[in-house]
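Notes to accompany the following structure.
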Amino acid sequence: MCGIVGYVGHREAAPIVLSGLKRLEYRGYDSAGVAGFEGLPSGPRLKILRCEGKLDNLIQTMKRDPISGTSAIGHTRWATHGRPSERNAHPHRYKEVVIVHNGIIENYNELKAGLIRKGHEFSSETDSEVIAHLLQVSLEKEGDFEMACRQVVKMLKGAFALSAAWTKDPKKLFVAKQQCPIVLGLGKDEQFIASDVPALLDYTKDFIFLEDGEMAFVEPAHVRIFTFAGKAVNRKSHRVEWSLAMAEREGFPHFMLKEIFEQPRVLRDTLRGRIKSQFNGIVFDTVKFKDSQWKKFKSVSLVACGTAWHASLLGKYWIEAFSRVHAEVELASEFRYREPVILPQSLCVAVSQSGETADTLAALTEAIKRKMNPLAITNCVESSLARRAKNVIYTHAGPEIAVASTKCFLAQTTVLCMLAVHLAKVHQTQSSKWITQILKDLAELPEKVERILKQNDSIKSIAEKYSQFNQYFYLGRGLSYPVALEGALKLKEISYINTQAYPAGEMKHGPIALISEDWPVVCVAPKGDHQEKMLSNIQEVKARGGRIILVGTEGDEEAASLAEVFIPIPKVRVELAPILTTVVLQIFAYHMAILRGTDVDKPKNLAKSVTVE
Ligand code: M6R
């Protein structure tokens, strides 16, 4: 949700800010803008350029009308308050102050009303603009930028990451963080600000991660960090191992396709070092629980949003089936405002690619308040979720840039499967032979995913045949039900096709009324437990004229004979089939979206990291 980039140093700032914004565009693309201080003989002059729509509009404008100077802040917006327009685009200026903001200022109405009473006029409909006005008021009183920032930050309620600058001291940028991500990138006689690490990988690998309730003054020679209460903070920097190549398309037409094709590597990295060499157990070296503690857990609550919630649903099925530990899964946005019954010795597992999703963070905080033991599964080192949970299992997928999550889903499911195996081992619910075999089978998955990727062209041809349909059902039973949900979400979010996913057994309770020739049905039906029930449900749909696209196991003639189109996955033990069937549905969704001409990496109305409620 909104991307912020800032630079102060000795180089031309605007191109650095623009290149960072380009890498953050997945956070929002309703509008974009840059504010830079141009050095004129008469003193610095603040120049702001803003454009509605994608960043490319701003890039073209800046080609015609460049901003020169060595300090600048920029923003790419995902609209919350005020529709996407140039007027509502950031940066927002009020007299001597310019700001960029990510998040929501919850008390902006009250603050704005007070300012209007004092005669202030606002030029946008955003909540953010009040920050610039408040800073100016404080500056007029105090005459000191740092003092003004310290005062204003205490007046703001809500979730925010912001950066501000003052025309009279343009080599000092202010940054504050409260429940929205912001990182400081460190250089020699130059410093950087960004919402996320990949924005700055061109320039630095050394980062400082601010905590909630912290602010910083960023100048070319140094950064100084304080709490909102004014206490100085001594924070060590952190070297990030992600390479720039990992955040680039590497010849693929879209990040989504690149990320789908990266999945064999992602699975290997996620499994590496965790499966013991004798295939007799799992090691999570970033989790502090001892086996005795793992053994005490009587219940697991998984909280997540979107795709991570689908992965968590698989996690629930695996945990209960393998370890017989009670598990439940809940949308983080519901969990946080409910009165859940928490059993003693409960583990709360928060799953999030970004580690910054506001609802998931809040759900984990609620769980900690209710004395649950927290564990995060995330892709982002030093993300807010990782820091809050303290016990973390990283998914090692590398930066995921496409808004539609693919490789992180596979990595999350792999971690959750290992977690379930680990619980089974400590709770002694499975034999050592079973444990060894499933770990060996997990280790074989990357090669099986590679085989599915080889079907890219044939899945593309299937998409060509079906791209004209405007609605789709996705059906699955048991472990294939979360896969159906995920496949349906992928298609919906990038191609804007109406999809509905159901457990196949539910069709006859209502949705089957919709079956027609115009409404193809994607059935996830690999060989294994209860497949015959799924095949009966497919027969029911066929009998009513439904057209079946079936994802099943290679060589399964019976399943193939029911389908208009059959897409095979390699033979695999039934528990691990979801990791393979999902890949087929990701590829299908990708090609459907391409055929429908949508912007696959940046679907409309969405943003990668949802840091507002
Ligand atoms: O960063 P998170 O995993 O917490 O994000 C959760 C959802 O916002 C995310 O999975 C979303 O549903 C994606 N658009 C799915 O492709």
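For ligands, and for the atoms within them, numbers begin at 1 and follow the listed sequence. Computation of the quantities below employed the complete heavy-atom set of this structure, encompassing side-chain atoms and omitting hydrogens, waters and symmetry-equivalent molecules.
Among all non-hydrogen protein atoms, the one lying nearest atom 6 (C) of ligand 1 is Cys305 O, 3.4 Å. Considering only non-hydrogen protein atoms, atom 3 (O) of ligand 1 sits nearest to Gln353 N, 2.6 Å. Remark: minimum distance from atom 8 (O) of ligand 1 to any protein heavy atom is reached at Val610 CG2, 3.9 Å.
For ligand 1 and Ser405, the ligand atoms under 4.0 Å from any heavy atom of the residue are 15 (C), 16 (O). If you number the atoms of ligand 1 from 1 as listed, the ones under 4.0 Å from a heavy atom of Ser354 come out as 1 (O), 2 (P), 4 (O). For ligand 1, the atoms closer than 4.0 angstrom to any heavy atom of Thr307 are 10 (O), 12 (O), 15 (C), 16 (O). Interface atoms of ligand 1 facing Lys490, defined by a heavy-atom separation under 4.0 Å, are 15 (C), 16 (O). Applying the 4.0 Å criterion to heavy atoms of Ala404 picks out, from ligand 1, the atoms 16 (O).
Pairs engaging residues 403-417 under the salt bridge (Lys or Arg N to Asp or Glu O under 4.0 Å) rule: Glu262-Lys407 [sequence neighbours left out].
Of the candidates Asn379, Leu489, Leu385, Thr357, the one placing a heavy atom closest to atom 4 (O) of ligand 1 is Thr357.
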- Task: Report the C-alpha separation of Asn88 and Glu125 in whole Å, then their side-chain angles, then the decisive distance to 0.1 Å, and conclude whether the side chain to side chain donor-acceptor pair (under 3.5 Å) test is met.
- Result: CA-CA 6 Å; Asn88 289 329; Glu125 301 149 295; 2.5 Å; yes

- Task: Could you walk me through whether Thr307 and Lys490 pass the side chain to side chain donor-acceptor pair (under 3.5 Å) test, one step at a time?
- Result: CA-CA 9 Å; Thr307 284; Lys490 278 304 78 101; 3.0 Å; yes

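The shortest heavy-atom distance from Glu356 to ligand 1 is not under 4.0 Å. Assignment of Val403 to the shell around ligand 1 is supported, since a heavy atom sits closer than 4.0 Å.
For Arg274, the side chain to side chain donor-acceptor pair (under 3.5 Å) partners are His396, not counting sequence neighbours.
Checked against a 3.5 angstrom limit, the closest N/O atoms of Glu493 and ligand 1 fall inside it.
Tyr466 has its ring centre no less than 6.0 Å from the ring centre of Phe588.
Looking at Glu450 and Arg268, a side-chain N of the basic residue comes within less than 4.0 Å of a carboxylate O on the acidic one, giving a salt bridge. Salt-bridge check for Glu339 with Arg370: passed, with a basic side-chain N closer than 4.0 Å to an acidic carboxylate O. Ion pairing between Asp457 and Lys460 fails under the 4.0 Å rule for side-chain N and carboxylate O.
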